[in-house]
Engineer: 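My structure is below; once you've seen it, I'll send some questions.
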2 protein chains.
Amino acid sequence: MSRTLFTVGPVYVAPDTLESMNKPMITHRSKEYKELHADIVEKIKKTLDTDMEVFLVAGSATAFLEGVIRNGVREKSLGITNGSFGNRSIEIGELNGKTVEKVQVEWGKAMKPADIEGKVTKDIEMVHWVSNESSTGVFSDSVALANAVREQNPDALMMVDAVTSAYAMDIKVKEMDVDAVVFGTQKALALPPGLAILLCSERLLEKAKTVPNRGFYTDLLKIKKQSDNNYALTTPPVSIMYGLDYQLDKALREGMSARYERHQKMADMVRAWADKNMEGIFPEKGYQSNSIGVINKGALDFDAFHSKLKARGYEISNGYGDIKEKTFRIGHLGDTTPEMVADLLSVMDEIMEE
Amino acid sequence: MSRTLFTVGPVYVAPDTLESMNKPMITHRSKEYKELHADIVEKIKKTLDTDMEVFLVAGSATAFLEGVIRNGVREKSLGITNGSFGNRSIEIGELNGKTVEKVQVEWGKAMKPADIEGKVTKDIEMVHWVSNESSTGVFSDSVALANAVREQNPDALMMVDAVTSAYAMDIKVKEMDVDAVVFGTQKALALPPGLAILLCSERLLEKAKTVPNRGFYTDLLKIKKQSDNNYALTTPPVSIMYGLDYQLDKALREGMSARYERHQKMADMVRAWADKNMEGIFPEKGYQSNSIGVINKGALDFDAFHSKLKARGYEISNGYGDIKEKTFRIGHLGDTTPEMVADLLSVMDEIMEE
């Protein structure tokens with residue numbers, strides 16, 4: 001029943017990675033834990049070239065998306081969206097009692113500075129968006145967006161959901177200079193799900209001091225206090241952290257530029273296949289994701305196609321949200337290689353020819 | 001550096017359990033995931049003899065403690081506490097903007113019906129307490145407490161933190177008849193941390209419909225909707241779930257009565273050792289935990305003692321909270337056996353004689 005996953009996440013986890021998690025438990029108040037925590041934080045800073053605080057919490061990335069909004073927004077935020085996950089961030093704000101102004105960008109199009117022109121008014125405390133929209137396969141230019149926010153309202157905090165871009169594409173953390181970058185372990189880091197990661201600015205921590213009802217589980221000030229000693233606030237998922245430490249070493253050995261190039265190569269292969277066999281790639285040219293290919297399926301019976309693919313040991317993802325019916329998706333995140341993508345595409349070719 | 005853990009949690013995880021988590025990843029929208037989720041829910045219901053809803057979320061148990069308060073309390077709750085973790089639940093309520101009336105019971109004493117006499121007034125929407133207080137080693141009679149709440153205010157919801165009692169001592173879920181029972185994977189289930197589990201009543205779900213700002217991550221109504229289809233709301237920690245399914249089979253094979261007796265036996269051994277070698281057990285007689293022994297250390301230099309113990313491959317826990325200086329703790333949860341406890345105690349004897 002085991003299949004190689006080319007899904008949007010959770011993704012393929014290599015056997016050596018699974019093995020790396022197989023170590024005896026340690027308590028999260030031990031010296032060994034502190035060393036593990038410190039190593040992870042240092043390696044994340046190094047791989048993403050950032051001096052921001054690195055916070056960890058047991059949970060999916062959504063836990064931190066909710067936490068950042070609760071810590072950074074007293075009343076009002078601005079959510080930019082071009083797909084399902086952008087919509088979800090807006091919903092998270094609303095369900096936490098915040099007023100969220102919404103900028104709706106057409107599905108398949110990137111979010112651009114022009115879209116928020118005049119929208120970042122003085123009462124907007126935070127602007128949030130998704131770096132790489134998993135439903136549409138669009139990678140927006142977050143550096144350009146962040147600059148546009150800053151020009152209009154230098155006091156507005158910014159949160160970027162980097163769940164399917166961090167570690168797959170260069171998100172330019174320093175250039176973006178935002179206040180929160182959120183992602184998890186089960187996408188481009190090629191680990192099982194279970195740990196959420198936040199890059200956090202000093203500015204967000206300062207703002208948090210003034211915001212009531214921040215909650216407990218993801219209170220950034222409480223997390224910061226523990227994190228300064230390389231401890232977690234609540235019980236951390238130690239086995240996932242063993243794996244994360246291992247995967248970060250892998251990333252350091254490969255080198256981040258080589259890693260980003262590998263993802264570019266896989267994306268090019270999928271795009272070429274989509275142009276040849278389907279009706280091309282859904283997202284706007286120039287803003288296509290290198291971690292997820294969203295393909296216009298035309299008249300293809302995806303379920304029948306996918307059944308045959310699964311029978312041969314491969315799994316991809318169907319469309320999502322508003323474009324569920326007209327697209328399907330191929331994820332090439334984490335430890336996936338161009339050779340693995342070539343295998344997948346040749347099997348897909350065989351099925352097409354049947 | 002590997003040591004056998006007799007800590008309060010995370011606890012010793014057996015090699016076969018670690019191995020059971022080593023399976024290839026599946027996506028959380030697949031048929032295989034649904035089967036895994038359904039199996040876990042069914043086995044939890046069976047082992048704890050309950051018909052309550054079983055909800056799962058990636059995170060430590062604290063995530064659900066916070067979630068239940070956000071879902072079930074509009075303005076005011078009553079927190080009963082006899083230690084650090086009872087205090088924490090009260091803090092969680094307060095940090096979520098609720099007013100929490102506090103009943104402080106002396107550390108080391110059990111919480112009893114008399115302590116809350118006249119306190120569960122009509123404006124109290126939820127009463128919450130800790131079944132087995134990890135800081136003091138006190139196991140309170142939650143059935144008696146629940147009955148006392150019901151007599152005073154039948155509309156008050158009840159939440160029980162069962163983090164170190166569920167699966168180690170019979171918490172009598174049906175007799176308690178409360179609205180939320182919260183625990184996690186890293187204590188008596190002998191797994192790595194990473195998954196929070198909630199037994200949830202219909203009454204709590206009904207109340208949630210009337211409570212604003214429930215948030216997203218642990219919104220019980222959203223979780224219920226997905227759970228009805230054996231899906232998780234947000235990405236679940238699949239590898240931990242493989243392990244949980246495996247550990248629940250182990251519990252079913254052992255039989256829950258045998259499991260509870262095993263814990264009783266280990267507790268008796270630790271108590272006898274404490275009476276002979278130290279100043280006995282800290283908690284009140286008749287309410288002592290069977291999962292955690294909290295020992296009055298008298299003049300013992302615990303750090304020196306613990307260093308020697310660790311050097312021989314065993315780890316226990318120091319005191320916690322207000323009684324940190326006068327106690328230390330031995331955890332005997334999960335898959336720990338009387339034979340393992342006997343080994344530990346004989347090594348402790350050796351160190352005492354040095």
Engineer: Can you name the nearest heavy-atom pair linking A/F216 to B/E66, along with the distance?
Structural biologist: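 Closest approach of A/F216 to B/E66, heavy atoms only: N-OE2, 3.1 Å.
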Engineer: Answer with side chain, backbone, both or neither: which region of A/P15 has an atom nearer than 4.5 Å to a non-hydrogen atom of chain B?
Structural biologist: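 No part of it gets close to chain B.
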Engineer: Would A/K310 and B/E32 pass as an ion pair if we require N to O under 4.0 Å?
Structural biologist: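 Not counted as a salt bridge, because no side-chain N and carboxylate O are separated by less than 4.0 Å.
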Engineer: Can you tell which of B/S60, B/A58, B/G59 has the highest number of heavy-atom pairs within less than 4.5 Å of chain A?
Structural biologist: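 Looking at each option in turn, the highest pair count goes to B/S60.
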Engineer: Heavy-atom distance under 4.5 Å to chain B: side chain of A/I26, backbone, both or neither?
Structural biologist: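 For A/I26, the contact with chain B is made by the backbone alone.
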Engineer: Report the option among B/A61, B/P192, B/G194, B/G184 that has the most heavy-atom pairs separated by less than 4.5 Å from atoms of chain A.
Structural biologist: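 Most pairs with chain A among the choices: B/P192.
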Engineer: By a 4.5 Å heavy-atom criterion (distance strictly below it), what part of B/L233 contacts chain A: side chain, backbone, both, or neither?
Structural biologist: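 Only the backbone of B/L233 comes within 4.5 Å of chain A.
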Engineer: Just verifying a value: how many Å separate B/T235 OG1 and A/K187 NZ, rounded to the nearest 0.5 Å?
Structural biologist: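 Going from OG1 on B/T235 over to NZ on A/K187, the span is 5.5 Å.
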Engineer: Is chain B contacted by the side chain of A/V57, its backbone, both, or neither, given a heavy-atom distance below 4.5 Å?
Structural biologist: neither
Engineer: Under a 4.5 Å heavy-atom cutoff, which of A/P237, A/S317, A/P193 has the most pairs with chain B?
Structural biologist: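 The answer is A/P193.
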Engineer: Measure distances from A/K222 to the heavy atoms of chain B and classify the residue's part below 4.5 Å as side chain, backbone, both or neither.
Structural biologist: side chain
Engineer: Between A/T7 and chain B, which part of the residue has a heavy atom less than 4.5 Å away: side chain, backbone, both or neither?
Structural biologist: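 Looking at A/T7, just its side chain touches chain B.
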Engineer: Top residue by heavy-atom pair count (under 4.5 Å) with chain A, among B/N22, B/T62, B/T234, B/L65?
Structural biologist: B/N22
Engineer: Quick check for you: among B/A63, B/A232, B/G97, which has the greatest number of heavy-atom pairs under 4.5 Å with chain A?
Structural biologist: B/A63
Engineer: Please check: side-chain N/O of B/Y217 versus main-chain N/O of A/I92, any donor-acceptor pairing under 3.5 Å?
Structural biologist: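 No: the side chain of B/Y217 does not pair with the backbone of A/I92.
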Engineer: With heavy-atom distances below 4.5 Å as the criterion, would you say the side chains of B/R3 and A/T27 are in contact?
Structural biologist: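 They are not in side-chain contact.
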Engineer: How long is the straight-line distance from CE of A/M25 back to CG of B/L18, given to the nearest 0.5 Å?
Structural biologist: 5.5 Å
Engineer: Between chain A and each of B/S239, B/A196, B/G67, count heavy-atom pairs under 4.5 Å; write down the option with the most.
Structural biologist: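 Going by pairs under 4.5 Å, I would pick B/S239.
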Engineer: Where on A/P10 is there a heavy atom nearer than 4.5 Å to chain B: the side chain, the backbone, both, or neither?
Structural biologist: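 Its backbone and side chain both get close to chain B.
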Engineer: At a heavy-atom separation under 4.5 Å, does A/E315 approach chain B through its side chain, its backbone, both, or neither?
Structural biologist: side chain
Engineer: Please determine, by modelled atom types, if B/N96 and A/R70 share a side-chain donor-acceptor pair under 3.5 angstrom.
Structural biologist: yes
Engineer: Other residues, nucleotides and ligands only: do more than 12 of their heavy atoms fall within 6.0 Å of CD on B/E75?
Structural biologist: no
Engineer: Can you tell me which portion of A/R29 sits under 4.5 Å from chain B's heavy atoms? Options are side chain, backbone, both or neither.
Structural biologist: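 Contact with chain B: none, neither part.
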Engineer: Checking A/K98 against chain B: side chain, backbone, both or neither under 4.5 Å from a heavy atom?
Structural biologist: neither
